Amino acid sequence: MSLTHRFPDGFQWGTATSAYQIEGAVDADGRGASIWDTFCRAPGRVLGGDTGDVACDHYHRLEGDLDLMSRLGIQTYRFSVAWPRVIPKGRGPVSEAGLDFYRRLVDGLLERGIAPLVTLFHWDLPQALDDEGGWLSRDTVDAYVDYAALVAEALGDRVPSFTTFNEPWCSAFLGYASGDHAPGHTDAGEAFRVAHHLNLAHARAVSALRCVLPSSAAISLTLNVHQVYPASDDPADRRATEHVDLISNRIFLDPALGHGYPDALVDTTRTITDWSFVEAGDIGALHAPIDGLGINYYTSALIADPASPAGRQAHLAWPGTTKAVSLAPDGELTGIGWRITPGALTDLLRRIAADAPTMPLTIHENGAAYDVAVIDGLVDDTVRIRYLDAHLRALHDAITAGVDVRGYMLWSFLDNFEWAWGYSQRFGIVHVDFDTLARTPKASADWYAGVIAANGL
Ligand code: IFM
């Protein structure tokens, strides 16, 4: 079979998940509560009152899940460590049983020839730390750095790649500005303070990890850089788009790349925050060189000034600001209602490569939610295959244009707990029956196995 799109030799094909979304077993082996356990129990926060209590029960079904991954030919598996599983109160006593679960997971991957890629923080902050201020408190930065070093000490001899944070934008702006995510605050000023603490925690953790990990270890940060376009040529819409880029992208990208916070970010947020949470010495402390950036991409957005003609159409609020809105998604949408815009992935990767020409990039997440039923043991999710195929073509275009992309982690391996959407959105290439917990590989799983085997389309 001849390929139309061959990927570079050594390109890593993988899948991604996160702890709270799949593990379940929230009370097993002394695990502490996380802010998501609490959030799920607050009425009206999560669709259908769903919780991650059982999720995919991956904690108890580890071996079967790893066998399935191996059958698909997965080369890298990106998973997250649940902080409250290994340090139940966030700081202090360590749970060896919790660490053992991740040791078994890593060993199981290596036995099957799958490379582990560990995410240290995918949103499940220990509740005990939130009780003391959570990410609003600088003490949480210290606790995170100690936690990161602990995990690196436990797993670093066998794990080649670590990523410090998954989508810090979501933790800061969905957790503290829009309130859609735990802990559910709605104060834009808090979101900027949290963003700064997450940036500090990332940089300090990178330095701590370097002291523990072998020099061959690759350390990255995973960002959901928003690919945003002005909704029209109106200068007001262009300014609104720059504003969104500053408060959603450059607020994380610039410090991670060693540029501190741009003056334009401070200028554009004057009515929201005075940045007094930035203490002497912080700006220098924000930069610790990384070996790569993880990029999560699903969709793009059209941005408008709320008062412009475009902005007066149906729109959604943009978390953390009243100076910009995104137009209500239209055209072809995925099951969760996100626009399908593969070309925007090419644009995004080219933009990042222009900002950081020597930084290796890896797609840490890309995928689509579609609810396709199991019929006679088969799940014909051709719609997902179409989405994935189009995005892999767009990724290939970026590579052909010279962008250094080293791998692709499909989101997600299993259908799982989709945060405030509960179990209503299925991103997996493996179907999970949430009553019986039976796994059924979808047509997209077979298709992806073929892509991996061929290293191309
Ligand atoms: O499920 C999430 C994941 O936890 C983080 N990135 C986006 C995915 C889909 O919404």
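From a predicted model like this one, the values you see are computed outputs, not experimental measurements. Heads up: numbering here begins at 1 and tracks the sequence. Each ligand, and each atom within it, is numbered from 1 in the order the structure gives.
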Asks: Can His60 and Asp57 be said to form a side chain to side chain donor-acceptor pair (under 3.5 Å), step by step?
Replies: CA-CA 6 Å; His60 296 118; Asp57 197 31; 2.8 Å; yes

Asks: Run Arg78 and Asn166 through side chain to side chain donor-acceptor pair (under 3.5 Å) and show every step you take.
Replies: CA-CA 11 Å; Arg78 174 175 176 245; Asn166 180 69; 2.7 Å; yes

Asks: Using a 3.5 Å cut-off on N or O atoms only, is Asn416 in polar contact with ligand 1?
Replies: no

Asks: Establish, yes or no, whether a centroid distance under 6.0 Å links the rings of Phe192 and Phe173.
Replies: yes

Asks: Counting each atom of ligand 1 from 1 as listed, which ones have a heavy atom of His122 under 4.0 Å away?
Replies: 3 (C), 4 (O), 5 (C)

Asks: With a 4.0 Å heavy-atom cut-off (strictly under), which part of Glu365 contacts ligand 1: side chain, backbone, both or neither?
Replies: side chain

Asks: Should one rank Tyr297, Tyr298, Phe427 by closest heavy-atom distance to atom 8 (C) of ligand 1, which comes out on top?
Replies: Tyr298

Asks: Where do Trp318 and Ser178 land on the side chain to side chain donor-acceptor pair (under 3.5 Å) test, with the steps shown first?
Replies: CA-CA 8 Å; Trp318 191 269; Ser178 73; over 6 Å; no

Asks: For Trp338, counting its heavy atoms only, list the atoms of ligand 1 lying under 4.0 Å from any of them.
Replies: 10 (O)

Asks: Kindly state whether the ring of Trp135 and the ring of Phe121 have centres lying under 6.0 angstrom apart.
Replies: yes

Asks: Return a yes/no value for Asn296: is any of its N or O atoms, backbone included, closer than 3.5 angstrom to an N or O of ligand 1?
Replies: no

Asks: May I ask you to check if ligand 1 and Trp419 share an N or O to N or O distance below 3.5 Å?
Replies: yes

Asks: Counting the benzene-type ring for Trp, do Tyr176 and His181 have ring centres under 6.0 Å apart?
Replies: no

Asks: With nothing but distance in play, are any N or O atoms of Ser18 less than 3.5 Å from an N or O of ligand 1?
Replies: no

Asks: Without swapping roles, check the side chain of Trp83 against the backbone of Gly90 for a donor-acceptor pair under 3.5 Å.
Replies: yes

Asks: How does Trp421 reach ligand 1, if at all, at less than 4.0 Å between non-hydrogen atoms: by side chain, backbone, both, or neither?
Replies: neither

Asks: Test your reading of the structure: does Asn166 have an N or O sitting under 3.5 Å from an N or O of ligand 1?
Replies: no

Asks: So, regarding Glu418 and ligand 1 (criterion: nitrogen or oxygen to nitrogen or oxygen, under 3.5 Å), is there a contact or not?
Replies: yes

Asks: Taking side chain to side chain donor-acceptor pair (under 3.5 Å) as the criterion, tell me which of Arg85, Arg61, His58 meets it with Glu23.
Replies: Arg85

